[in-house]
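Report on the structure given below.
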Amino acid sequence: MSNELQGKTIAIIAADGVEQVELEKPRDAVQAAGASTELLSIDTGEIQAMNGDINKGDTFPVDKKITDANVEDYAGLILPGGVVNPDNLRADEDVIAFLQSFFKTGKPVGVICHGPWTLVEADLVRGRTLTSFPSIRTDIENAGGTWVDEEVVTDQGLVSSRNPDDLPAFCAKIVEEFAEGRHDVAAAGATA
């Protein structure tokens, strides 16, 4: 167990349909590095995770509704995938507003699999290089991002990976980025 994230709180934004392993493994990695985590979602209560998008997994208690969360309380952010999860998130105006505010801070973000769909909706991939599950490549490119087929990609604090097979590399890289902290907001293309 390392302590490079001691004293930091990492937000995980997810909704029903989240791919369970993509929620659990990154959460466990940042907690093992000393961080605390909060699961933020559209509503309070619990979210239903899935295994392979079609088999129900466990449920996870929501720590805070997205409208009750403050961007400044978090040192980093994780957006797990699954197909249904980002589709639910990208349809919620409060999630989109939170993500846009979070990106303006220059704090690091980790996103995996179909998670970038939510970033596309928030217009946060423009001018960035990232990876994802291959089926959303066109969405990323149409939104002004550059898509590459690599295990893990980091672009100005945005860490992305393709699928659960990439989780070891993804988890190691998000811990590293969260430990480094903020990136230059101007360089990241954020606007005030």
Side-chain angles (χ1 to χ4, degrees), residues 5 10-15 17-30 33 37 49-54 74-91 95-96 98-100 102-185 187-190:
L5 299 182
I10 306 300
I12 302 170
I13 300 179
V18 65
E19 183 68 32
Q20 183 163 327
V21 70
E22 293 175 0
L23 185 154
E24 287 181 316
K25 294 288 185 185
R27 180 199 63 196
D28 295 349
V30 298
T37 59
M50 302 299 283
N51 295 311
D53 287 319
I54 55 173
Y74 306 102
L77 174 72
I78 300 168
L79 279 171
V83 175
V84 174
N85 169 53
D87 201 45
N88 285 327
L89 294 176
R90 69 186 181 148
V95 169
I96 299 306
F98 186 91
L99 288 170
Q100 290 168 336
F102 196 89
F103 268 70
K104 286 178 185 175
T105 69
K107 296 177 196 176
V109 173
V111 62
I112 188 166
C113 198
H114 288 79
W117 254 348
T118 310
L119 300 182
V120 165
E121 186 66 31
D123 194 23
L124 295 169
V125 301
R126 187 174 312 280
R128 291 182 178 267
T129 299
L130 65 157
T131 193
S132 68
F133 196 77
S135 66
I136 64 168
R137 172 185 183 166
T138 302
D139 298 306
I140 290 169
E141 291 174 343
N142 286 343
T146 300
W147 188 89
V148 294
D149 185 13
E150 295 177 18
E151 182 179 52
V152 65
V153 176
T154 305
D155 184 331
Q156 301 165 35
L158 176 62
V159 178
S160 57
S161 284
R162 301 168 296 193
N163 58 52
D165 293 340
D166 298 338
L167 278 166
F170 178 74
C171 291
K173 194 61 175 174
I174 62 172
V175 168
E176 178 184 321
E177 288 294 311
F178 293 163
E180 287 179 14
R182 293 179 194 263
H183 289 261
D184 180 13
V185 175

(message) Give me the atom names and distance for the closest heavy-atom approach of C113 to G82.
(response) SG-N, 4.3 Å
(request) Quick one: pull up CD1 in I96 and CG in L89 and give me the separation to the nearest 0.5 Å. (result) 8.0 Å
(message) Within the 4.5 Å heavy-atom criterion, are F103 and F98 side-chain neighbours or not?
(response) no
(request) Report yes if some heavy atom in the side chain of T105 is under 4.5 Å from a heavy atom in the side chain of R182; otherwise report no. (result) yes
(message) Are the side chains of L99 and L77 in contact, using a 4.5 Å heavy-atom criterion?
(response) yes
(message) Would you say that I140 contacts V120 through its side chain, given a criterion of any heavy-atom pair below 4.5 Å between the two side chains?
(response) yes
(request) Please step through side chain to side chain contact (heavy atoms under 4.5 Å, CB included) for the pair T154 and K173, ending with a clear verdict. (result) CA-CA 8 Å; T154 305; K173 194 61 175 174; 3.1 Å; yes
(request) Drop me the distance from L124's CG to Q100's CD, to the nearest 0.5 angstrom. (result) 5.5 Å
(request) For residues V153 and T129, determine if any side-chain heavy atom of one lies less than 4.5 Å from a side-chain heavy atom of the other. (result) yes
(request) Spell out, as yes or no, whether a donor-acceptor pair under 3.5 Å connects the side chain of K107 to the backbone of Y74. (result) yes
(request) Output, in order, the C-alpha distance, side-chain angles, deciding distance and verdict of side chain to side chain contact (heavy atoms under 4.5 Å, CB included) for N51 and V21. (result) CA-CA 8 Å; N51 295 311; V21 70; 5.8 Å; no
(request) Write down the atom of G110, the atom of F170, and the distance for their closest heavy-atom approach. (result) C-CZ, 3.6 Å
(message) So, taking the atom named CD1 in I112 and the one named CG in L23, what distance separates them when rounded to the nearest 0.5 Å?
(response) 11.5 Å
(message) Is it the case that the side chains of W117 and D87 hold a donor-acceptor pair, with the cut-off being a distance below 3.5 Å and no angle test?
(response) no
(request) Mind listing the closest non-hydrogen atom pair of D139 and S135 along with its distance? (result) OD2-O, 4.3 Å
(message) Would you compute the distance between atom CD1 of I174 and atom CD1 of I10 and round it to the nearest 0.5 angstrom?
(response) 8.0 Å
(request) Hey, can you tell me if H114 and F133 have their rings parallel, tilted or perpendicular (30° and 60° cut-offs)? (result) parallel
(request) Hey, could you give me the CG/CZ distance between L5 and F178, rounded to the nearest 0.5 Å? (result) 8.0 Å
(message) What's the separation between atom CZ in R137 and atom OG1 in T146, rounded to the nearest 0.5 Å?
(response) 10.0 Å
(message) How close do A29 and V175 get, counting heavy atoms only, and between which atoms?
(response) O-CG2, 3.8 Å
(message) To check you understand the geometry: which heavy-atom pair defines the closest contact between F102 and G76, and what is its length?
(response) CZ-C, 3.6 Å
(request) Sort out for me which residue in E177, Q156, E176 forms a side-chain contact (heavy atoms from CB on, under 4.5 Å) with P108. (result) E177
(message) Measuring only between side-chain heavy atoms, which start at C-beta, is V159 closer than 4.5 Å to V109?
(response) no
(request) Could you tell me which non-hydrogen atom of D155 sits nearest to which non-hydrogen atom of G127, and how far apart they are? (result) OD2-O, 4.3 Å
(request) Kindly say whether A15 contributes a backbone atom to a donor-acceptor pair with the side chain of N85 at under 3.5 angstrom? (result) yes
(request) Compare all side-chain heavy atoms of D53 with those of E19 and state whether any distance is below 4.5 angstrom. (result) yes
(request) Might you work through the salt bridge (Lys or Arg N to Asp or Glu O under 4.0 Å) test for R126 and D123, ending with a clear yes or no? (result) CA-CA 6 Å; R126 187 174 312 280; D123 194 23; 3.0 Å; yes
(message) Test your reading of the model: is there a side-chain donor-acceptor pair from E22 to the backbone of G81, 3.5 Å cut-off?
(response) yes
(message) Within the 4.5 Å heavy-atom criterion, are I78 and V111 side-chain neighbours or not?
(response) no
(request) Verify, without hydrogens or angle tests, whether D149 (side chain) and T131 (backbone) share a donor-acceptor contact under 3.5 angstrom. (result) no
(request) Give a yes or no on whether a salt bridge exists between R162 and D165, defined as a side-chain N under 4.0 angstrom from a carboxylate O. (result) no
